[in-house]
Amino acid sequence: QVQLVESGGGLVQAGGGLKLSCAISGRTLSRYNMAWFRQAPGKEREFVVGIQWMRFTTTYADSVKGRFVSSKDDSNNILYLHMLRLKPEDTAVYYCAARPAAQVGTDSQSYNYWGQGTQVTVFP
């Protein structure tokens, strides 16, 4: 089992930034693929960034490329999502997810473990 707990969401004005955290416990992550997804009201869950934990290779959605950056704290098993130049369309619940796989995946259905989500609201 893998437990994921997100934090760091909030209310921010467009153009500002937030840092989300995902605290991970329960497994050694060297063979895991992590990801951030988001879901806005009335929309499907959307891939944001995928991370292969050991080599920390990343794949970003086009909608966030150049504005969002993921990083990790290996010592404490924490995954971060640094969000810059936020836009109102970034408003969503952001989820951390994990799956035991070598390659980064963009399909939410393929992820086994999910956090509870953290709300990010960007106002104009």
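Counting begins at 1 with the first residue of the sequence.
- Not a single ring-ring contact (aromatic ring centres under 6.0 Å, His included) links Trp53 to another residue, sequence neighbours left out.
- Arg45 forms a cation-pi arrangement with Tyr95, by the criterion of a distance under 6.0 Å to the ring centre and an angle within 45° of the ring axis.
- Screening residues 14-124 for disulfide bond (SG atoms under 2.5 Å apart), with sequence neighbours left out, gives Cys22-Cys96.
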What's the verdict on side chain to side chain donor-acceptor pair (under 3.5 Å) for His82 and Ser71, showing C-alpha distance, side-chain angles and the deciding distance?
CA-CA 8 Å; His82 307 264; Ser71 65; 2.8 Å; yes
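- Between Gln52 and Thr57, the side chains place no donor N or O within less than 3.5 Å of an acceptor N or O (distance only, hydrogens not considered).
- Counting heavy atoms of neighbouring residues, nucleotides and ligands inside a 6.0 Å radius, atom CD of Glu89 exceeds 12 of them.
- Relative to the six-membered ring of Phe56, Lys72 misses at least one condition, a distance below 6.0 Å or an angle of at most 45° to the axis.
- The side-chain tip of Arg99 points at the ring of Tyr111 from less than 6.0 angstrom away and within 45° of straight on.
- Side-chain atoms of Glu46 do not come within 3.5 Å of backbone N or O of Val48 as any donor-acceptor pair.
- Panel note: side chain Thr91, backbone Val122; a donor-acceptor pair is recorded below 3.5 Å.
- Counting only distance, with no hydrogens or angles, the side chain of Asp73 and the backbone of Ser75 share a donor-acceptor pair below 3.5 Å.
- A donor-acceptor pair is defined here as one N or O able to donate and one able to accept, closer than 3.5 Å; such a pair exists between the side chain of Glu6 and the backbone of Gln116.
- Checked for salt-bridge contact, Lys87 and Asp90 miss the test: no charged N lies under 4.0 Å from a carboxylate O.
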